[in-house]
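See below for the structure under consideration.
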Amino acid sequence: MLKDLFRKQKRYITVRPGTVPEREEEKEPLWIKCPGCGEILYVRELEKGLKVCSKCRYHFRLSAPERIAATVDDNTFQELDGDLQAVDPLSFPAYRPKLSSAEQETGMRDAILTGQGTIEGWPVLIGALEPNFIMGSMGCIVGEKITRLIEKALKERLPVILFSASGGARMQEGVFSLMQMAKTSAAIARLHEAGILYVSVLTDPTTGGVLASFATLGDIILAEPGALIGFAGRRVTEQTLKEKLPPDFQTAEFCFNHGLIDLIVPRNEMRQILAQILSLHSERG
Amino acid sequence: MPNVILDFEKPLLELENRIAELKQYAGEKGIDLAAEINLLENRLRELKKEIYENLTPWQRTQLARHPERPNALDYFKLLFTDFLPLCGDRCYGDDPALVGGIARFEGVPVTVIGHMKGHNTKENLARNFGMPSPEGFRKALRLAQQAEKFGRPVISLIDTPGAYSGAGAEERGQAWAIANNLFAFSRLKTPIIVIITGEGGSGGALALGVGDVLLMLENSIFSVISPEGCAAILWKDAQRAPEAARVLKLTASELLSLGLIDGVIPEPLGGAHRDPEGTADNIRAEIRQRLQELRRIDTEQLVAARWSRLRRIGCF
Ligand SMILES: [Zn+2]
């Protein structure tokens with residue numbers, strides 16, 4: 001089940017662009033054990049290093065605000081459609097309380113943060129999914145915000161970058177969620193016809209309906225090392241096959257080896273690679 | 001009578017058996033039991049109406065998955081003439097879980113595609129239970145693009161538990177294949193009519209679901225997750241699938257009132273499997289009317305309207 005992908009991780013104070021993170025000493029731990037190598041890491045050091053283990057290069061998950069902060073130039077990010085609030089079109093059992101606690105936990109209204117900013121000076125429309133908001137799942141608001149971002153890109157002829165981190169379509173919004181796959185994909189098809197660049201970055205984890213829609217439609221598809229990337233959950237696949245799968249199954253490396261993505265880019269090189277891509281697609285050259 | 005009788009249909013079966021017994025007895029003994037038989041036949045008619053007009057979402061799910069429900073090739077035979085099957089994705093293989101080709105609809109050439117289930121275990125094993133691999137989705141897209149080239153409308157029939165979740169499917173880019181269909185079908189310059197005939201299971205269904213009109217047979221279902229999967233997540237208990245079927249709003253009438261589909265095609269009393277010809281007649285009438293409407297619209301407008309339909313979904 002996709003739920004397994006979202007083992008509770010230690011949460012950190014949100015890094016808003018241009019602000020210094022504050023720490024509540026008694027709530028946040030000073031030390032954390034790296035799941036990659038078992039090394040005990042000093043949290044403050046880890047955050048300075050974009051949450052990548054200095055010893056084994058394990059990439060810890062980033063929240064959407066952390067992702068944006070790590071990607072765009074300081075003080076350039078302007079959020080778009082931040083007022084859009086999650087909806088419950090089916091009056092689904094236990095969904096409203098789930099939304100409220102996700103809101104409280106992440107400080108976000110749904111599972112995506114979108115906006116405009118620059119990367120090494122290149123203007124870009126950018127979005128990042130929030131893996132801690134109901135597993136980063138895509139419901140109406142995620143679909144709508146991505147669509148609006150693309151519509152703005154069409155109007156202003158700006159490139160689009162989307163960072164995915166998601167368990168897939170959001171069950172609680174039923175077919176409305178499912179149709180967001182079609183909606184976002186069709187929006188990207190219009191962007192494609194208009195000749196506008198779209199870069200998709202797959203981060204840990206990108207699965208299900210998000211992978212089967214906008215996340216795999218980039219002109220260029222990048223991924224972070226070690227990210228879990230797959231359509232069906234590993235357990236589902238194992239049950240289907242009744243056999244154990246290789247350890248690298250459904251990782252960024254597995255996808256790269258099968259020709260499904262362009263490049264695996266370590267987090268500390270991401271900004272530079274994105275800037276290079278933007279530069280290669282700009283009229284200024 | 002179908003071979004597989006669902007739980008909620010058992011009272012009907014008992015009554016039908018009783019009528020048959022009486023008829024046989026009357027014939028053998030030369031006794032006139034017409035009055036009794038007539039009474040029971042009236043009762044049967046009433047009971048049928050009562051049962052089939054008050055189906056729960058879970059009962060409809062069972063009808064949608066009924067092994068004897070007409071499959072894509074059954075419908076191709078019933079709805080079209082001159083069906084020419086076309087195979088392969090031109091890259092890796094041919095997927096038996098997804099069929100397609102060219103045929104005539106009331107004389108006019110059309111491209112037809114559909115998920116393909118079997119009617120029994122042997123057929124289902126051969127068809128992978130109607131769960132396509134990437135090759136299947138790529139074949140569907142290839143045939144649809146061929147339809148665009150030759151100006152043929154596309155008729156797409158959906159009936160799948162979902163996309164196949166095997167290791168090979170992952171290696172060959174299952175998610176990439178589905179996404180690419182959503183992307184490409186949304187801009188295809190030819191009319192596309194989509195009909196969910198049985199199970200509309202998640203992304204694997206949607207990969208054949210982007211078009212100008214989305215219709216559902218009365219007892220078909222369309223859902224982001226199976227009721228069993230939903231129950232397992234919500235209540236850690238797949239046995240509660242009937243409840244999950246209710247909360248998911250997966251029936252044709254519910255999805256129509258939510259504005260997510262464009263129409264419901266009625267099925268003969270008792271479901272499509274009890275009267276495939278009658279069901280096909282209803283589908284035929286709908287295709288005829290929709291095709292007539294869509295062919296009047298020029299392609300630019302058609303594609304623009306297809307986009308605005310999708311664009312509206314999920315704005316509250
Ligand atoms: Zn480490």
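The chains referred to below are lettered A, B, ... by the order of the sequence lines, with proteins before strands, and numbering in each begins at 1.
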Is it the case that more than 12 heavy atoms not belonging to Q85(A) sit under 6.0 Å from its CD atom? yes

Counting heavy-atom pairs under 4.5 Å with chain A, which one of G173(B), G203(B), G314(B) comes out on top? G314(B)

Smallest heavy-atom separation, W307(B) atom then K183(A) atom, equals CZ3-O, 3.5 Å

Taking K249(B) for its side chain and G174(A) for its backbone only, find out whether a donor-acceptor pair lies under 3.5 Å. no

Is the shortest heavy-atom distance from the side chain of H258(A) to the side chain of R172(B) under 4.5 Å? no

Which atoms of F176(A) come close to chain B, meaning under 4.5 Å heavy atom to heavy atom: side chain ones, backbone ones, both, or neither? both

Could you tell me which residues in residues 178-185 of chain B have at least one non-hydrogen atom under 4.5 Å from a non-hydrogen atom of chain A, sorted by residue number? I178(B), A179(B), N180(B), L182(B), F183(B)

So, do S202(B) and L178(A) sit near enough that their side-chain heavy atoms are less than 4.5 Å apart? yes

Any side-chain heavy atom of E144(A) within less than 4.5 Å of one from R311(B)? yes

Can you tell me which portion of E151(A) sits under 4.5 Å from chain B's heavy atoms? Options are side chain, backbone, both or neither. side chain

On a heavy-atom basis, which atom in A186(A) and which in L310(B) lie closest, and how many Å separate them? CB-CD1, 3.7 Å

For W176(B) versus L211(A), what's the shortest heavy-atom pair and its separation? CZ3-CD2, 4.0 Å

Flag the pair R187(B) / H192(A) as yes when at least one side-chain heavy-atom distance between them is below 4.5 Å, and no otherwise. no

Where does I261(B) contact chain A at under 4.5 Å (heavy atoms): side chain, backbone, both or neither? neither

Note: A167(B) and L245(A) closest approach over all heavy atoms is CB-CD2, 3.9 Å

Restricting to non-hydrogen atoms, name the atom on L248(B) and the atom on M171(A) that form the minimum distance, rounded to 0.1 Å. CD2-O, 4.2 Å

Backbone N/O of A232(A) and side chain of E170(B): donor-acceptor pair under 3.5 Å: yes

Please classify the contact of I313(B) with chain A as side chain, backbone, both or neither, using a heavy-atom distance under 4.5 Å. both

Between Q172(A) and chain B, with a heavy-atom cut-off of 4.5 Å, which part of the residue counts as in contact: side chain, backbone, both or neither? neither

Separation of M179(A) CE from R309(B) CZ (nearest 0.5 Å): 6.5 Å

When heavy-atom pairs shorter than 4.5 Å are enumerated against chain B, which of L260(A), V87(A), I221(A), V175(A) gives the highest number? L260(A)

Residues P93(A) and V247(B): closest non-hydrogen pair is CG-CG1, 3.5 Å

Which residues, numbered in order, of residues 215-225 of chain B come under 4.5 angstrom of chain A by heavy-atom distance? F222(B), S223(B), V224(B), I225(B)

Best-contacting candidate, L84(A), L90(A), I229(A), against chain B by heavy atom pairs under 4.5 angstrom: L90(A)

Side chain / backbone / both / neither for A215(A) at chain B, heavy atoms under 4.5 Å: neither

Side chain, backbone, both or neither of V210(B) within contact of chain A (heavy atoms, under 4.5 Å): side chain

